[in-house]
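So you know, we letter chains A, B, ... as the sequences are listed, proteins then strands, and number each from 1.
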Amino acid sequence: MNDYPQILFKNRVVGETAFIDRFRANGGYQGLEKGLREMTPQEITATVKASGLRGRGGAGFPTGVKWSFFPADQPVEKFLVINGDEMEPGTYKDRQLLLADPHQLIEGVILSAFALQVSHAYIFIRYAYEECSRNLEQAIAEAKEAGYLGRDILGTGWDLEIHLHRSAGRYILGEETAQLNGIEGVRPNPRSKPPFPAAKGLWGKPTNVNNIETIACIPHIITGGPGWFINLGITQGGVGTKLFGLSGHLNRTECFELPVGIPLREVVETFGGGVRNGKGFKACLPGGASTPFLTAQHLDTPMDFEPLEQLDSRFGTAGVTVFDETTCMVGATLNLIRFFARESCGWCTPCRDGLSFVQWILEEIEAGRGNRDQIAMLKDQKKNITGRSFCALAEGAMGPLDGLLRHFEQELEDHVKLGRCPFGD
Amino acid sequence: METVNQTTGKDVLLPDDTIEAFRAKAADTPHPRELIVDLLRAIQDHHGWVPDAGIELAAQTLGLSPLQLEEIATFYDKIYRQPVGRKVIHLCDSICCWTTGGEQVAELLRDKLGIGFGETTPDGVFTLLPTCCLGACGDAPAMMIGLTTYGRLTAEKIDTILREIRQQID
């Protein structure tokens, strides 16, 4: 059904895990051989930069640019951290990747660590992904056995050890500086930036933090070259493929590898099999819980960073959650805000107090006890919270509220006018 | 799994050889605090939850203060600082599960177990807790029991899962 090039999912057979034999039989570790034997660390970073790869964890920062800020050539202790906290509601792509093909990540980690000249990499895995942790443990052991990890890797004189950190819950650990605290074993509130992790990260040393899917792209970029990678995207400026996790009111809620730039309509109709039970499409979160809603008028938008930013939404993690025409968008937003309010670490006031206040207002309106002043208060809160919190969590929480206010203000008005939820409950 | 010391008859938080292994690791790293989450999880795996004595044991083992342990233990929702049942059910209440009947599943579980969220069944088998997104959005509605995720939940499926776990425990 999926005729698009399968890069990250080329070894994927649902229900099975490809370990080292199948991985190598299918071209695995060739990128590593090429990178370490034929290229310098600077050339690898330059290649990643030329590929235009943007971070797959939600923020979309250009990976090669991030790497070029890193003091790779300085002879100091430094670290690479791989963020596998995947806890943004609607996002389950990294799990699929690690269930199918853990060596792909390990190969990417080794290449990235070589480019950045670090000797210790940490892979951070969330509590709920124990099977992924076990797959990684086995893959790390196999890679060591094969001579891809440890001392003097492929005769380069360079050493690397990969550490696996198993976490114990909480969305905030996905924020990179909170994650560094989590690995260090101090209370994982976010840190103030600057200094950025590239200057002062783990134990105060230069640290580069990247998402799992981002790092899994690296070996393919090295093997195929930046031109090939750029051409995988089907929009002007869109590069590579992306793992789309489909969820919500769709007939098929699965994870697909699709080209960056694919129209939303094709994602929903061809891959998601259309909206369930013959209902109409009302809205979707295009890239996880913190990305403002899109509506039916946006179905022809290419799924890529810039086109979605032009609609004041975001590509995020490409976890697409669809809502059918019977969904109460006030109720959906309330669910999302409850998530963010509960997962707030409590460090700063706009997030700790602001999100619970927004939650209370939405509860009042959804229960039919709201008034028009409260709709104005929602707008006010959005303005006061956005840009004023310590980290991006509260900013992200304002995404769905912003989408609600821009596209579904009428639903708020209807709740107030009727004194109940117009959608039945 | 040994939970009671054969000589003293007292509840064991963690077997001696595991404690020794953590002590050795702590001596081997310049920053023993990085072992805190692992050690708390080990105590919890063995003892079911982390009592005050577990915090103190972990602090002694790593050469840290109890406060340094407590600030971690109270942050994470998968570290239990209160007694829980032998199996903890974490039911996802995030958006994808909400769109696929998660609230009805919550009601079903409360009915079947006869408890609310944050409570433990009188036989001590199940504790019911809400959790944020489990990363099982394609298989919503979903829950996690222990470290196992169950998706596409229906009334019949929940009956089977609970029955099988009760049988394993007996």
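- Contacts classified as salt bridge (charged side-chain N to carboxylate O under 4.0 Å, His left out) and involving residues 83-92 of chain B (residues at least two apart or in different chains) are not found.
- In terms of modelled atom types and a separation under 3.5 Å, the side chain of A/Arg166 and the main chain of B/Arg41 share no donor-acceptor contact.
- For A/Ala289, no part sits under 4.5 Å from any heavy atom of chain B, backbone or side chain.
- A salt bridge is absent between B/Asp77 and A/Arg342: the closest approach of a Lys/Arg side-chain nitrogen to an acidic carboxylate oxygen does not fall below 4.0 angstrom.
- Checking side-chain atoms of B/Arg33 against main-chain N and O of A/Val186 turns up no donor-acceptor pair under 3.5 Å.
- When atom types are taken as modelled, the side chain of A/Asn335 and the backbone of B/Trp98 share no donor-acceptor pair closer than 3.5 angstrom.
- The shortest side-chain heavy-atom distance between B/Thr99 and A/Thr327 does not fall under the 4.5 Å cut-off.
- Inspection of non-hydrogen atoms places A/Leu246, A/Ser247, A/Gly248, A/His249 of residues 243-252 of chain A under 4.5 Å from chain B.
- Closest of all the heavy-atom pairs between A/Cys345 and B/Phe75 is CB-CZ, 3.9 Å.
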Pair up each side-chain donor or acceptor in residues 52-64 of chain B with any protein partner under 3.5 Å, not counting sequence neighbours, and list the distances.
unit_1, atom_1, unit_2, atom_2, d
B/Asp52, OD1, B/Arg81, NH1, 3.2
B/Asp52, OD1, B/Arg81, NH2, 2.7
B/Thr61, OG1, B/Leu57, O, 2.6

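- For a residue to count as touching a neighbouring chain, one of its non-hydrogen atoms must lie under 4.5 Å from one of that chain's; by this rule A/Phe339 touches chain B with the side chain only.
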> Between B/Ser94 and A/Arg338, is a side-chain hydrogen bond (donor to acceptor under 3.5 Å, both in side chains) present by the stated rule, with each step listed?
Replying inline: CA-CA 9 Å; B/Ser94 294; A/Arg338 273 193 184 129; over 6 Å; no
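- Partners of B/Lys157 under the side chain to side chain contact (heavy atoms under 4.5 Å, CB included) rule, at least two apart in sequence or in another chain, are B/Arg152, B/Thr154, B/Ile161.
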